[in-house]
Amino acid sequence: MGLQLRPNCEYCDKDLAPDAPDAMICTYECTFCPACVATLRNVCPNCGGGFAPRPIRPKNEWRPGLSIEKQPASTKRVHLSYSVDDIAAHSARIAGIPVGER
Ligand SMILES: [Zn+2]
Ligand SMILES: [Zn+2]
């Protein structure tokens, strides 16, 4: 188990390689690029939570079975199911609330 490491931004569909230093995720692993996180005002369109940088899985197998080779990133692209207007309203409703109080 571990993070899925999804291959793309769920909003703009930009590729986000497993070792991308700028991929952002919410606690449910909804995954976005930094430009979209800014557009979304740090509000996940799915859960309403905030984002944090996605950790990078090690290339080297420092411990048995634990590396990007042994546990590869997901290749299943994910896309939002909400309209642009819906997402904007969702962000506007939630963005002013500190992430710890959402
Ligand atoms: Zn994006
Ligand atoms: Zn989320």
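Both ligands and their constituent atoms are indexed starting at 1 by order of listing. Hydrogens, waters and symmetry mates play no part in the numbers below; they use all other heavy atoms, side chains included. Source: prediction; values computed, not measured.
- Inter-residue side-chain proximity for L40 and H90 is flagged as unmet; no heavy-atom pair is nearer than 4.5 Å.
- Side chains of I25 and R6 form no contact here, defined as non-hydrogen atoms less than 4.5 Å apart.
- The Zn ion (ligand 1) has C9 SG, C12 SG, C33 SG, C36 SG as protein N, O or S atoms under 2.8 Å away.
- Other residues, nucleotides and ligands contribute only 12 or fewer heavy atoms inside 6.0 Å of the CD atom of E69.
- Between Q4 and T31, every side-chain heavy-atom pair lies at or beyond the 4.5 Å cut-off.
- A heavy-atom distance below 4.5 Å is found between the side chains of D13 and N8.
- C44 contributes SG and C47 contributes SG; the angle these two atoms make at the Zn ion (ligand 2) is 110°, rounded to 10°.
- Classification of K59 and D19 as a salt-bridged pair holds, one side-chain N sitting under 4.0 Å from a carboxylate O.
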